[in-house]
*Asks:* 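My questions all concern the structure below.
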Amino acid sequence: MCLYRVLVLSVFLSITQAVDRSNFKTCDQSAFCSRQRAMKPGQSSYTALLETLELSDSHLTVQLLNNNNKVLLLLELYRLQGNMTRVKINELKPIKARYEVPDVLITDPPTELMSVVAQDEHRVVLSLGGEDWRLILSAQPFRLDIMEGPQVLLSLNSRGLLILELHVWPLFWFSTKPLSFQVSEGEEEEAEEEVDQPGMWEETFKTHADTKPNGPSSISLDFSLPGVEHVYGIPEHADGLRLKNTDGGDPYRLYNLDVFQYELFNPMALYGAVPVLLSHNTHRTMGLFWLNAAETWVDVSSGQVGVCVTGSHTLSKMTCSLAVVGTQAFPPLSSLAYHQCRWNYNDQEDVSAVDQGFDEHDIPYDFIWLDIEHTDGKRYFTWDNNKFPQPKDMLQGLLDKRRKMVTIVDPHIKVDSSYKIHTEIRSRGYYIKNKDGGDYEGWCWPGNAGYPDFTNPEMRKWWASMFAYDQYEGSMENLYTWNDMNEPSVFNGPEVTMHKDALHGPWEHRDIHNLYGFYVQMATAEGQIQRSGGLERPFVLTRAFFAGSQRYGAVWTGDNAAEWGHLKMSIPMCLSLGLVGISFCGADVGGFFKTPSAELLVRWYQAGAYQPFFRAHAHLDTPRREPWLFGPDNTALIREAVRQRYTLLPYWYLQFYHAQRTGQPVMRPLWVEYPEDIATFSIDNEFLIGRDLLVHPVTDERSSGVTAYLPGNGEVWYDVHTFQRHDGAQNLSIPVTMSSIPVFQRGGSIICRKNRVRRSSSCMENDPYTLYVALDSQGKAEGEIYIDDGHTFKHKTDKQFIHRRLSFTANSLSSSDLSPDSQFTTASWVEQVNILGAQKPDAVTLTTTDGGESSVEFEFDPDTAVLTLRKPGVNAGVNWTLHLR
């Protein structure tokens with residue numbers, strides 16, 4: 001099932017206590033952004049030459065003429081399966097091929113026949129399938145309109161802002177006689193001569209020069225979305241869920257950067273870039289996917305989007321983009337539990353003490369993390385022999401408790417002739433090159449560092465091999481990986497990143513920049529899979545990302561701060577990522593920088609417990625903040641928040657199972673499930689987990705109450721703590737204390753929990769389930785349960801899983817098989833059933849597949865209308881029915 005119609009467009013340090021804005025460009029300081037943004041809307045300079053139109057079984061082509069310089073472009077249109085259309089624009093005969101992003105699309109979607117409905121000298125009308133769907137190609141000026149009946153859904157180049165700057169050589173320019181590029185020196189031609197503008201051939205920012213041997217190569221394009229007021233997406237930015245009008249300010253920027261302690265409500269670029277923009281109104285959701293890995297700026301104004309990008313060329317429009325970029329990887333169950341991290345746990349004794357502290361204070365956790373100080377002088381794949389002399393003993397101690405560890409492996413490699421990783425990469429020629437052909441070197445945590453070229457498949461293959469147990473000394477099966485600084489971060493580089501004229505084989509870094517972190521995570525995840533012989537699912541956290549990064553693991557929102565505003569911002573930042581396919585998102589609980597108050601830390605644990613990736617993390621210079629260091633009362637509050645996470649792990653796991661299959665976001669805005677409810681369109685302080693849990697974290701200091709919007713006319717919602725029933729389509733005022741986490745279960749749903757919380761999720765593997773059956777206004781409910789081994793690919797390769805439907809109707813609750821050809825057994829059983837909004841029955845009986853029938857003990861609370869069925873005792877993986885009589 002597709003979540004939404006989407007239009008895909010492939011086009012265009014030193015440590016401080018706050019972000020230094022002067023380190024990062026504004027649009028005015030970017031030559032191509034300021035050049036393109038200076039263009040005024042008007043009649044386009046491009047004409048579609050309809051006499052060149054050719055239509056085949058798979059696509060349509062037509063030439064576009066730039067009336068100013070007489071250069072010809074080639075427009076390609078494809079109609080794809082799944083109500084998708086693809087548009088590509090390139091020079092007809094380019095002097096230098098432009099970079100086309102590889103590896104992001106998992107497949108080329110099959111094409112469907114496209115037919116011409118009508119044509120004259122002014123336009124061509126094409127059928128997009130169905131009676132009412134049309135694409136209109138207008139000739140002069142060139143313009144594309146996507147129509148549903150008489151309504152324009154989206155227009156391309158309606159404001160005439162299409163500009164495709166041409167790769168050229170200095171002193172040369174072009175004519176089009178006869179219909180091809182001609183190089184001429186000093187001859188008078190019919191074309192207008194292009195006037196050089198500052199920054200076309202070389203650009204300087206602070207002390208850094210960016211040479212541009214291929215000249216200007218950016219593209220700009222406008223899109224109009226009539227009738228649309230709400231647009232979302234294009235992460236990553238520390239801003240609200242709904243994109244703001246950028247008139248009078250900077251555009252939103254997509255350019256992966258290491259931004260230390262970022263500002264809030266700012267369109268500046270951060271660590272990742274997913275060039276997908278969604279529009280939504282009460283009639284439909286559409287979107288733009290700009291499949292380009294180069295620096296991109298996006299202007300948003302009323303009903304219109306303008307995009308300018310440097311480096312590439314193609315345009316694509318697609319519906320359900322996740323069908324082509326892939327869905328969220330199905331993570332190991334343990335990775336959905338709680339993670340404890342800081343920069344840095346000092347040594348093996350420190351790790352052991354923290355591990356023991358969780359047991360002593362009865363707080364579960366699954367992963368403990370080690371930052372850069374665990375290595376031998378910031379040499380990744382190594383250990384500091386003084387601090388971590390016996391890493392396998394340390395890992396075995398964790399494994400004995402069914403816990404795990406994550407170590408950091410960054411992609412900057414210390415230049416040291418005695419360091420095996422460096423000498424191997426250098427000898428194989430796998431480093432990125434500088435513009436002069438030597439190995440590119442920059443400054444990062446180890447000092448002088450080289451940067452592997454992860455765009456090279458051979459480099460990725462070699463990197464993956466380094467995670468083998470005989471290569472990564474001291475590693476074991478319970479050691480996983482964190483890729484940080486992979487924007488890439490270069491402390492002494494322009495904007496704290498790599499020079500754009502660095503070389504990846506034939507391509508400049510400017511062409512591939514936003515892909516770098518994507519490839520690092522890809523290679524790391526593959527290494528984890530290979531080390532297990534292809535059996536085990538990987539877990540890799542990345543800071544930098546691109547479209548498709550969801551296939552390789554989790555992301556987090558980077559270097560936030562211990563401030564209430566950053567706690568609030570974690571919600572829209574993760575919601576934005578979920579909308580574009582990256583569901584496994586979280587923020588550093590407590591804030592990375594600065595020191596949280598006890599109140600802020602508690603509230604952050606309460607919010608983080610209901611976000612997909614749940615990890616506490618802190619800066620090296622901050623005081624220690626393990627959960628038991630803030631007094632017994634706060635320890636109890638944090639313990640309760642973490643325990644709530646563990647009880648809900650079956651539900652979280654089910655949501656990630658669906659995310660892998662369908663692409664639906666795990667953490668989602670209310671409007672995804674209530675697309676016609678205008679009141680939900682701007683809400684970004686509460687969210688849904690799947691369809692059935694609504695969460696409104698307390699994110700204000702000294703709060704005594706919050707107001708939560710409960711959507712759905714005619715729907716009911718139940719407070720998961722008190723079981724109090726509330727009607728939908730209302731703003732509900734909720735008094736709160738420090739223990740409050742406002743969470744509601746949707747009437748009509750069934751949610752499975754495991755209420756016996758143990759020291760780690762793996763210890764709960766065979767524990768029983770409690771079912772929470774929340775009846776809707778018709779007295780019905782349904783849900784699902786999904787069970788597998790929690791860590792291998794056997795659910796996929798051998799169909800070893802259980803997937804069952806739970807249904808309550810006509811006073812009967814039943815479990816039926818959704819995948820009868822799968823094979824898996826579980827020791828878990830149904831311990832209890834709580835039916836919310838129930839009436840008291842006279843008797844309850846259980847019927848099993850063997851025809852046996854037995855009575856079930858029950859208890860009814862008339863004050864809460866909760867019926868509790870105790871110990872049905874039936875296995876969670878078989879058919880059964882409970883009858884209320």
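Positions are given from 1, in the same order as the sequence printed here.
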*Asks:* Taking NZ, NE, NH1 and NH2 as the nitrogens, is one of them in Asp588 or Arg615 under 4.0 Å from a carboxylate oxygen of the other?
*Replies:*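 Arg615 and Asp588: salt-bridged.
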*Asks:* Quiz question: by atom type and distance under 3.5 Å, do the side chains of Tyr338 and Gln340 form a donor-acceptor pair?
*Replies:* yes
*Asks:* Are side-chain N/O atoms of Thr845 and Arg885 paired as donor and acceptor at under 3.5 Å?
*Replies:*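 On atom types as modelled, these side chains qualify, holding a pair under 3.5 Å.
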*Asks:* Decide whether a cation-pi geometry holds between Arg753 and Tyr772; the criteria are a distance under 6.0 Å from NZ or CZ to the six-membered ring centre and an angle within 45° of the ring axis.
*Replies:*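 Yes - Arg753 lies over the ring of Tyr772, closer than 6.0 Å to its centre and within 45° of its axis.
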*Asks:* Would you confirm whether Gln528, through its side chain, and Phe539, through its main-chain N or O, come within 3.5 Å as a donor-acceptor pair?
*Replies:*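 Pair found, side chain donor or acceptor close to backbone of Phe539.
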*Asks:* Does Glu853 CD have over 12 foreign heavy atoms under 6.0 Å away?
*Replies:*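 Yes, enclosed.
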*Asks:* Just by distance, do the side chain of Asn834 and the backbone of Leu771 share a donor-acceptor pair under 3.5 Å?
*Replies:* no
*Asks:* Please say which of Ser760, Ser762, Ser334, Ser761 ends up in a side chain to side chain donor-acceptor pair (under 3.5 Å) with Asp366.
*Replies:*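 Filter result, single survivor: Ser761.
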*Asks:* Answer whether the closest heavy-atom distance between the side chains of Trp880 and Leu882 falls below 4.5 Å.
*Replies:* yes
*Asks:* So does Arg403 pair up with Asp359, basic N to acidic O under 4.0 Å?
*Replies:* yes
*Asks:* Look at the side chain of Asp776 and the backbone N and O of Lys780, then say whether any donor-acceptor pair between them is shorter than 3.5 Å.
*Replies:*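 Confirmed, Asp776 side chain pairs with Lys780 backbone.
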*Asks:* Would Asp692 and Arg746 pass as an ion pair if we require N to O under 4.0 Å?
*Replies:*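 Answer for the salt bridge query: yes.
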*Asks:* Distance to the ring centre below 6.0 angstrom and angle to the axis at most 45 degrees; does that hold for Arg725 and Trp717?
*Replies:* no
*Asks:* I'd like to know if Lys754 and Glu831 make a salt bridge, using a cut-off of under 4.0 Å between side-chain N and carboxylate O.
*Replies:* no
*Asks:* Ring centres of Phe367 and Tyr480 under 6.0 Å apart?
*Replies:*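 When the ring centroids of Phe367 and Tyr480 are compared, they turn out to be within the sub-6.0 Å range.
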*Asks:* Inspect the contact between Arg668 and Glu673 and indicate whether a charged nitrogen and a carboxylate oxygen are less than 4.0 angstrom apart.
*Replies:*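 Result for this pair is yes, salt bridge flagged.
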*Asks:* Phe801 pairs by ring pair (Phe, Tyr, Trp, His ring centres under 6.0 Å) with which of Phe330, Phe824, Tyr786, Tyr653?
*Replies:* Tyr786
*Asks:* For the residue pair Thr635 / His361, report whether a side-chain donor-acceptor contact shorter than 3.5 Å exists.
*Replies:*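 Side chains of His361 and Thr635: no pair found under 3.5 Å.
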*Asks:* Give a yes or no on whether the backbone of Pro742 and the side-chain of Ser740 come within a donor-acceptor separation of less than 3.5 Å.
*Replies:*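 No.
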*Asks:* Quick one: does any side-chain atom of Gln328 pair with a main-chain N or O of Gln550 as donor and acceptor, under 3.5 Å?
*Replies:* yes
*Asks:* Would you mind reporting whether Phe744 and Leu732 have side-chain heavy atoms less than 4.5 Å apart?
*Replies:* yes
*Asks:* Can a donor-acceptor pair be found between the side chains of Thr680 and Asp677 at a distance below 3.5 Å?
*Replies:*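 No, Asp677 and Thr680 have no side-chain donor paired with an acceptor closer than 3.5 Å.
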*Asks:* Quick check against the 3.5 Å criterion: does Ser828 have a side-chain atom that pairs as donor or acceptor with the backbone of Asp767?
*Replies:* yes
*Asks:* Hey, is the main chain of Asp727 close enough, under 3.5 Å, to the side chain of Gln730 for a donor-acceptor pair?
*Replies:*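 Here the side-chain-to-backbone pair exists.
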*Asks:* Taking the ring centre of each residue, are His339 and Trp556 less than 6.0 Å apart?
*Replies:*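 That pair fails the under 6.0 Å test.
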*Asks:* Has Asp821 got more than 12 heavy atoms of other residues, nucleotides or ligands less than 6.0 Å from its CG?
*Replies:* yes
*Asks:* Are Phe656 and Phe584 close enough that their ring centers fall under 6.0 Å?
*Replies:*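 Close enough - the centres of the two rings lie under 6.0 Å apart.
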*Asks:* Whether the Asp684 and Tyr232 side chains hold a donor-acceptor pair (N or O, under 3.5 Å, no angle test) is what I'd like checked.
*Replies:*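 No donor-acceptor contact under 3.5 Å links the two side chains.
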*Asks:* Any donor and acceptor pair, going by atom type alone, linking the side chain of Ser532 with main-chain N or O of Ile529 inside 3.5 Å?
*Replies:* yes
*Asks:* Flag yes if more than 12 heavy atoms outside Asp798 fall under 6.0 Å of its CG atom; otherwise flag no.
*Replies:* yes
*Asks:* Just by distance, no angles: are the side chains of Asp817 and Ser819 close enough, under 3.5 Å, to form a donor-acceptor pair?
*Replies:*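 Short answer, no.
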*Asks:* Charged N to carboxylate O under 4.0 angstrom, Glu784 versus Arg805?
*Replies:* no
*Asks:* If you measure only the distance, is there a donor-acceptor pair under 3.5 Å linking the side chains of Tyr674 and Glu715?
*Replies:*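 Indeed, the side chains of Tyr674 and Glu715 share at least one donor-acceptor pair under 3.5 Å.
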*Asks:* If we ignore hydrogens and angles and just use 3.5 Å, is the side chain of Gln644 paired with the main-chain N or O of Val642 as donor and acceptor?
*Replies:*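 Answer holds: no.
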*Asks:* Between Phe681 and His280, is the gap from one ring center to the other below 6.0 Å?
*Replies:* yes
*Asks:* Is a donor from one side chain sitting under 3.5 angstrom from an acceptor on the other, for Ser807 and Thr809?
*Replies:* no
*Asks:* With a 6.0 Å cut-off on ring centres, are His795 and Tyr657 close enough?
*Replies:* no
*Asks:* Distance only, no hydrogens: is a donor on one side chain within 3.5 Å (strictly under) of an acceptor on the other, for Gln800 and Ser822?
*Replies:* no
*Asks:* Is Asp788 salt-bridged to Lys794, going by a charged N under 4.0 Å from an acidic O?
*Replies:* no
*Asks:* Step through the shown structure and confirm whether more than 12 heavy atoms of other residues, nucleotides or ligands are within 6.0 Å of CD on Gln356.
*Replies:* yes
*Asks:* Under 6.0 Å from the NZ atom of Lys799, do we count more than 12 heavy atoms belonging to anything else shown?
*Replies:* yes
